[in-house]
Amino acid sequence: MDHKLQVLEAQFKELDFTKDSLTQKFEHHSKALANQAAHDELWTAVLALKFTSMELSILYSYVMEVLICLHTRVLEKLPDLVRGLPTLASVLRRKVKNQRIRGVWESVLEESGLEEGDIIALCTFFIAYGNKAEYYVAKVRQMYIKDVTFLITNMVKNQALQDGLLRAVQVIEKGKAVKAPENQKSPLKELMPLARN
């Protein structure tokens, strides 16, 4: 009888371990699905934008300047890695496995007032419109659109994309983006730890 109880206890422990393992896998899978849904929603929003070619080019110019600015700031903090990080894409790729690059990247984002979710939105915009838009310098942008913030808030309905574009404008015009209040988090921000895996 005692032996049967030990066998049953061992089986229950094994079942409990299996249940915990399955629960953990289910939670990870659920987060992955939510992350994919957020990315799909972002892509849909980016591709559905109804800007004129001029407006699109102006937004593209802000996005491009922010991405260049971030890359430059990373290189300034990692002068010994300049040759190994020729593009922002190389920084984004290598930060996943390199703690030093990741630390500098996170520092640069914080100094700029940006978050990973903003970068995802900006890179998505850049990829979608990089071949359709033209770059305009600041004087030309201001000549055509006096209030780009108004344009973004009225035309961009996806919150993550709107936040990313607004912060890009703030970084370029003011040197740093203003953080949103904690109750107004970007939907992509909560999913960022999963994107590192």
Side-chain angles (χ1 to χ4, degrees), residues 33-75 86-93 95 105 108-192 194-195:
L33 287 174
N35 192 13
Q36 185 60 48
H39 286 281
D40 290 348
E41 184 180 324
L42 177 63
W43 270 101
T44 301
V46 167
L47 295 173
L49 291 174
K50 301 288 185 215
F51 290 115
T52 66
S53 61
M54 175 66 68
E55 293 167 338
L56 192 64
S57 290
I58 288 171
L59 292 176
Y60 170 80
S61 300
Y62 279 108
V63 169
M64 193 169 96
E65 283 187 20
V66 167
L67 298 179
I68 290 169
C69 175
L70 293 173
H71 181 237
T72 302
R73 288 180 185 177
V74 168
L75 295 182
T87 63
L88 181 64
S90 62
V91 172
L92 296 175
R93 221 178 8 261
K95 77 176 176 68
W105 172 250
V108 166
L109 285 183
E110 187 175 326
E111 290 167 8
S112 303
L114 297 169
E115 301 171 352
E116 283 287 344
D118 299 325
I119 304 310
I120 289 173
L122 297 175
C123 287
T124 303
F125 183 90
F126 184 82
I127 291 167
Y129 295 110
N131 65 338
K132 298 174 186 171
E134 293 181 50
Y135 174 76
Y136 293 129
V137 295
K139 287 182 181 180
V140 175
R141 292 192 300 251
Q142 291 166 354
M143 194 169 67
Y144 286 106
I145 295 181
K146 300 294 181 210
D147 189 359
V148 71
T149 301
F150 181 77
L151 175 73
I152 294 168
T153 54
N154 283 329
M155 297 287 287
V156 179
K157 301 306 175 202
N158 178 279
Q159 194 63 52
L161 180 58
Q162 186 183 90
D163 290 346
L165 290 171
L166 289 172
R167 288 189 186 117
V169 170
Q170 289 174 347
V171 168
I172 298 306
E173 292 184 353
K174 298 176 182 158
K176 182 175 180 171
V178 179
K179 294 269 187 183
E182 279 302 308
N183 61 352
Q184 212 178 5
K185 288 183 181 175
S186 169
L188 289 175
K189 182 183 180 195
E190 298 168 7
L191 303 170
M192 287 302 80
L194 184 63

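What you see below is based on every heavy atom in this structure, not just the backbone, and it leaves out hydrogens, waters and symmetry mates.
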> Could you walk me through whether Leu109 and Glu115 satisfy the side-chain contact (heavy atoms from CB on, under 4.5 Å) test, starting with their C-alpha distance in whole Å, then the side-chain angles of each, then the deciding distance to 0.1 Å, before giving a yes or no?
CA-CA 6 Å; Leu109 285 183; Glu115 301 171 352; over 6 Å; no

> Could you state the interatomic distance from NZ (Lys50) to CE (Met155), rounded to the nearest 0.5 Å?
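It comes to 9.5 Å.
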
> Is a donor from one side chain sitting under 3.5 angstrom from an acceptor on the other, for Gln36 and Asp40?
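Side-chain D/A pair, Gln36 to Asp40: present.
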
> Can you give me the closest heavy-atom contact between Arg141 and Ile172, atom names plus distance?
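The answer is NH2-CG2, 3.8 Å.
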
> Can you check whether Val66 reaches Val169 side chain to side chain, under 4.5 Å on heavy atoms?
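The answer is no; the side chains never approach within 4.5 Å.
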
> Could you tell me which non-hydrogen atom of Arg167 sits nearest to which non-hydrogen atom of Asp118, and how far apart they are?
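That closest heavy-atom pairing would be NH1-OD1, 2.6 Å.
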
> CG of Leu166 to CG of Leu151: how many Å apart, nearest 0.5 Å?
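Result: 10.0 Å between the selected atoms.
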
> Any idea which heavy atoms bring Gly164 and Leu122 closest together, and the distance?
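The pair with the smallest heavy-atom distance is O-CD2, 3.4 Å.
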
> If every non-hydrogen atom of Val148 is compared with every non-hydrogen atom of Glu173, which pair is closest and at what distance?
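Reported closest heavy-atom pair: CG1-OE2, 4.3 Å.
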
> Starting at CG of Leu161, measure out to CD1 of Ile152 and round the result to the nearest 0.5 Å.
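Result: 8.5 Å between the selected atoms.
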
> Could you pull out all donor-acceptor pairs under 3.5 Å where a side-chain atom in residues 123-136 meets a protein atom, sequence neighbours excluded?
residue: Thr124; atom: OG1; partner: Ile120; partner atom: O; Å: 2.6
residue: Tyr129; atom: OH; partner: Val46; partner atom: O; Å: 2.4
residue: Tyr135; atom: OH; partner: Glu65; partner atom: OE2; Å: 2.4

> For the backbone of Met54 and the side chain of Ser57, can you confirm whether one donor and one acceptor N or O come within less than 3.5 Å of each other?
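Pair absent, no side-chain N/O of Ser57 close to backbone of Met54.
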
> Is a donor from one side chain sitting under 3.5 angstrom from an acceptor on the other, for Trp105 and Glu116?
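There is such a pair (donor and acceptor under 3.5 Å, judged by atom type) between the side chains of Trp105 and Glu116.
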
> Would you give the length of the straight line joining atom CG of Leu88 to atom NZ of Lys95, rounded to the nearest 0.5 angstrom?
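Nearest 0.5 Å value for the CG-NZ distance: 10.0 Å.
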
> Atom CG in Leu67, atom OG1 in Thr72: separation rounded to 0.5 Å?
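Interatomic distance, Leu67 CG to Thr72 OG1, rounded to 0.5 Å: 10.5 Å.
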
> From Ile119 CD1 over to Ser112 OG, what is the distance, rounded to the nearest 0.5 angstrom?
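Going from CD1 on Ile119 over to OG on Ser112, the span is 8.0 Å.
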
> Looking only at heavy atoms, what is the nearest atom pair of Ile145 and Glu55, with distance?
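That closest heavy-atom pairing would be CD1-CG, 3.8 Å.
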
> With side-chain contact (heavy atoms from CB on, under 4.5 Å) as the criterion, how do Leu56 and Tyr60 come out once you've worked through the C-alpha distance, each side chain's angles and the decisive distance to 0.1 Å?
CA-CA 6 Å; Leu56 192 64; Tyr60 170 80; 5.6 Å; no

> Using the side chain to side chain donor-acceptor pair (under 3.5 Å) rule, take Gln159 and Asp163 through it: C-alpha gap first, then chi angles, then the decisive distance, then the call.
CA-CA 6 Å; Gln159 194 63 52; Asp163 290 346; 2.8 Å; yes

> List the atom of Ala121, the atom of Leu42, and the distance in Å for their closest heavy-atom pair.
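Closest heavy-atom pair between Ala121 and Leu42: CA-CD2, 3.7 Å.
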
